[in-house]
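These notes concern the structure reproduced below.
In this chain, numbering begins with 1 at the start of the sequence shown.
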Amino acid sequence: VVAVICMLALMGRAERKISATFLRRMHKGAGAVFLILLLVISYFCVRYWAVMGDQLSVRAVIHIVLSILLFIVLVLKISIVQFYKEFLRYVPVMGMIVFILAFTVFCTSAGYFFLTGGEVQVIIEELSEPAEIMLEGDAEQGAVLFDAKCSFCHHADTEATEIGPGLKNILSREALPFSGRSAHPDNIRKQLITPVSGMPSFASLSEQEIADLLAYLATL
């Protein structure tokens, strides 16, 4: 927003009360901050994309497409300013396109979460007296299910993160990764059914399959 205001003040016909040099510096500084924020947010978006794979929602796909367009236009704008000054007449229009795309990207992500409370809520649940849950599943069947459904994103023999966190000693920890819920079998079941932090849902698993998975996780 600051960059756009400075650009309009520089390019507009109205008499300026602030020097052009100051406005250019403000525009350049705001643009640099915007670029840094864009790169940082893009890193987390790419990680989210890697975790979700083909499970992305339509809104997420639109967000990604708009973000890629935003990045392309921004790179072109910077390239023209730095190296292809014969095209400088197009820079103000490209600046407005960057602003519109950035605003639209914001509305499809942060704006959506502000209005709806968000799809992804980080819930910290402290179960002071958790209900006893008997792990009556078959650990061997759970191992087969883990290999088929979970091993792509999670290590079973280490706590190191692959795409998702490693699950060794998962039930011995104080809290589950990402969700912050206490490391209790019932909270692992909740994570499978209504996941936090971009993990795809496994609501299609039967109660017996979940019990088998929990039995296997208890052996890690």
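- The side-chain contact (heavy atoms from CB on, under 4.5 Å) test with Ile64 singles out one residue from Leu66, Ile62, Val61, Ile68, and that residue is Ile68.
- A donor-acceptor pair under 3.5 Å links the side-chain atoms of His154 to the main chain of Pro165, judged by distance alone.
- Minimum heavy-atom separation, Leu171 to Ala218: CD1-CA, 3.6 Å.
- Atom CG of Asn169 and atom CG of Asp157 lie 11.0 Å apart (nearest 0.5 Å).
- Placement of Val144 and Phe152 in two distinct hydrophobic clusters is found when ILVMFWY residues are connected by side-chain heavy-atom separations under 4.5 Å, directly or transitively.
- For CD of Glu140, the number of neighbouring non-hydrogen atoms (other residues, nucleotides, ligands) closer than 6.0 Å is 12 at most.
- With rounding to the nearest 0.5 angstrom, the CG atom of Asp186 is 9.0 Å from the CG atom of Leu214.
- Nearest heavy atoms, Cys150 versus Leu213: SG-CD2, 4.3 Å.
- Heavy-atom minimum distance, Ser151 versus Asp147: OG-O, 2.6 Å.
- The aromatic rings of Phe103 and Phe99 sit parallel to each other, their planes meeting at less than 30°, with 60° as the upper class boundary.
- Atom OH in Tyr90 sits 12.0 Å away from atom CD1 in Ile97 (nearest 0.5 Å).
- Under the 4.5 Å side-chain heavy-atom criterion for Ile, Leu, Val, Met, Phe, Trp and Tyr, Ile170 and Ile193 are members of the same hydrophobic cluster.
- Taken from SG in Cys153 to CG in Leu167, the straight-line distance is 10.0 Å, to the nearest 0.5 Å.
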* Tell me, with the steps shown, if Leu39 and Phe71 meet side-chain contact (heavy atoms from CB on, under 4.5 Å). => CA-CA 9 Å; Leu39 292 174; Phe71 186 77; 4.2 Å; yes
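- Hydrophobic clustering (side-chain heavy atoms under 4.5 Å, transitive across Ile, Leu, Val, Met, Phe, Trp, Tyr) keeps Leu37 apart from Leu70.
- If you take CZ on Phe106 and CD1 on Ile41, they are separated by 9.5 Å, rounding to the nearest 0.5 Å.
- Side-chain contact of Gln208 with Asp212: a donor-acceptor pair under 3.5 Å is present, judged by distance alone.
- The cluster map of Ile, Leu, Val, Met, Phe, Trp and Tyr, joined by side-chain heavy atoms under 4.5 Å apart, puts Val93 and Phe87 in the same cluster.
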* For the pair Leu192 and Met199, evaluate side-chain contact (heavy atoms from CB on, under 4.5 Å) and give the outcome as yes or no after the intermediate values. => CA-CA 8 Å; Leu192 289 167; Met199 173 177 161; 4.0 Å; yes
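- The nearest pair of heavy atoms linking Leu101 to Val73 is CD1-CG2, 4.3 Å.
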* From CA spacing to verdict: side-chain contact (heavy atoms from CB on, under 4.5 Å), Lys77, Ile80 -> CA-CA 5 Å; Lys77 179 177 181 288; Ile80 289 173; 6.0 Å; no
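- Looking at Ser182, its side chain never comes within 3.5 Å of a backbone N or O of Ala175 through a donor-acceptor pair.
- Closest of all the heavy-atom pairs between Ala156 and Phe146 is CB-CE2, 3.7 Å.
- Counting heavy atoms from C-beta outward, Glu159 and Arg173 have side chains that approach closer than 4.5 Å.
- Pairing each heavy atom of Leu220 with each of Lys168, the nearest pair is CB-CA, 4.2 Å.
- Put simply, Val33 and Val98 are part of two different groups of oily side chains (I, L, V, M, F, W, Y) that touch within less than 4.5 Å, one to the next.
- We find the CD1-CE distance between Ile72 and Met94 to be 10.5 Å, quoted to the nearest 0.5 Å.
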